[in-house]
Enquirer: 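Below is a structure I'd like to ask you about.
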Amino acid sequence: MHAKEDKCIIKNNNVMSVNKILFLDLSAAYLELKEQIDAAIAHVLFSSRFILSSDLETFENEFARYIGTKHCIGVGSGLDALHLSLRALGVKSGDQVIVPNNTYIATWLAITHAGATPVPVEPDSKTYLMNPVVIERSITKKTKAVIPVHLYGHPCDMDSILEIAQQHHLFVLEDAAQAHGARYKEKRVGGFGTAAAWSFYPGKNLGAFGDGGAVTTNSDELATSLRLLRNYGSKVKYVHELQGFNSRLDVLQAAVLLVKLKYLDEWNERRRQIASFYIKNLKNANLSLPFVEPWAEPVWHLFVVRSKNREKLQRYLEKEGISTLIHYPIPPHLQDAYANLKYAEGNFPISEELHREVLSLPMGPHLTMEQAEKVVEAVNTFSKIINT
């Protein structure tokens, strides 16, 4: 649905008209490319080759070329991309993996699925990204890998992280799920570490019509292991070299992604224009705006602000017809899923403060400048209200 159009919804058998600015307009993305996407899907349907076909290989080759790596291995989800990468790297029970504490829980789940233990570190308070200084303090004899997360589409300081990893003989697995097309010092992320994990969840900058993921790497050995792991441990049908998984990027999704990949840079540029407008015009004194490092070219998967009055601000914007989201309300160390690690509130104060204050404003390639102006006006008006 187009965010600026009146839409009808049914609630309690009553039809209501709602004029709302969506957080992300996925239908508009489809409508812009409808003819090409429909043709790509029809091609796969008529071919009847739905699993590990040449159409998947075409996308893998094109995405690897786009990122600048030798290999791309399509898998079932972003979580699988992280999990299978760790297994392919030999991470196992008894190992430790250093991970940001202010990330989506999938980054942690991948570690525990591999049998290892997540070692959370506090972010840099300015960028919210993995702090290299804290990484070095967290390394033990059990540390096997580091997972820097290019959070919100802003690249991590990869030179510093790689230097530390090399000194301590650690693998670096980039979590690039939110950073399709982002550049660190003019080079796209996804080729700095031993491997990089990607998500093609529908809301990503490069999103499919369902779940999907991939791993990019320059390692021939790692790529071979990942292709085995994703396909029951098999490269020849009914011959299984190891205990693998069923995690193959669906060919229909690959066809959609191949179409969208051609427009990724253009759509990312639209995001940058919205972000630039936000940064220039948001004048709310109670708001902290995103910080961009001079060596970074973010792709603004999310535009995240901070407010001590987050709940009030979110309710006000909702009242004004503006959708927002919180990424993320509860940090991993306080989730019930990780109660066994026995962390408590106060253990990671920087992360906990972030999770109490962050709010994601509408962002996407189909958000119009008129809509962005309404978002800015509402946020700035809230500042006046809260201060009176």
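Only heavy atoms go into these numbers, but all of them, side chains included; no hydrogens, no water, no symmetry mates.
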Enquirer: On the 0 to 90° scale, with breaks at 30° and 60°, tag the Y104-Y328 ring pair as parallel, tilted or perpendicular.
Expert: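 If you compare the ring of Y104 with that of Y328, the planes turn out tilted.
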Enquirer: Under the ring pair (Phe, Tyr, Trp, His ring centres under 6.0 Å) test against H366, which residue among W267, Y30, F23 passes?
Expert: W267
Enquirer: Taking the ring of Y152 and the ring of W300, is the distance between their centroids below 6.0 Å?
Expert: no
Enquirer: Where do E320 and K374 land on the salt bridge (Lys or Arg N to Asp or Glu O under 4.0 Å) test, with the steps shown first?
Expert: CA-CA 9 Å; E320 294 297 309; K374 291 180 179 179; over 6 Å; no
Enquirer: Looking only at the aromatic ring of each residue, does the gap between the centers of F348 and H333 stay below 6.0 angstrom?
Expert: yes
Enquirer: Going only through I, L, V, M, F, W and Y residues with side-chain contacts under 4.5 Å, is there a path from I37 to Y201?
Expert: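 Unlinked, I37 and Y201 end up in two clusters.
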Enquirer: Check whether the ring centres of F59 and F200 lie less than 6.0 Å apart, and answer yes or no.
Expert: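 Ring-ring flag for F59/F200: true, centres closer than 6.0 Å.
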Enquirer: Verify whether the ring centers belonging to Y184 and F192 lie closer than 6.0 Å.
Expert: yes
Enquirer: Between I330 and L302, is there a shared hydrophobic cluster once you connect ILVMFWY residues whose side-chain heavy atoms come closer than 4.5 Å?
Expert: no
Enquirer: Take a 6.0 Å sphere around NZ of K235 and say whether it holds more than 12 heavy atoms from other residues, nucleotides or ligands.
Expert: no
Enquirer: Parallel, tilted or perpendicular, judged at 30° and 60°: which one describes the rings of H83 and H113?
Expert: perpendicular
Enquirer: Do the side chains of I279 and V379 join up, straight or via other hydrophobic residues, at under 4.5 Å, putting them in one cluster?
Expert: yes
Enquirer: Cation-pi check, R188 to Y66: give yes when NZ or CZ is under 6.0 Å from the six-membered ring centre and within 45° of the ring axis, no otherwise.
Expert: yes
Enquirer: Regarding S307 and E357, do their side chains bring together a donor and an acceptor under 3.5 Å, going by distance alone?
Expert: no
Enquirer: Go through R137 and E122 one step at a time and tell me if the salt bridge (Lys or Arg N to Asp or Glu O under 4.0 Å) criterion holds.
Expert: CA-CA 11 Å; R137 294 201 301 258; E122 289 272 57; over 6 Å; no
Enquirer: Over 60° means perpendicular and under 30° means parallel, so classify the ring planes of H240 and Y232, tilted if in between.
Expert: perpendicular
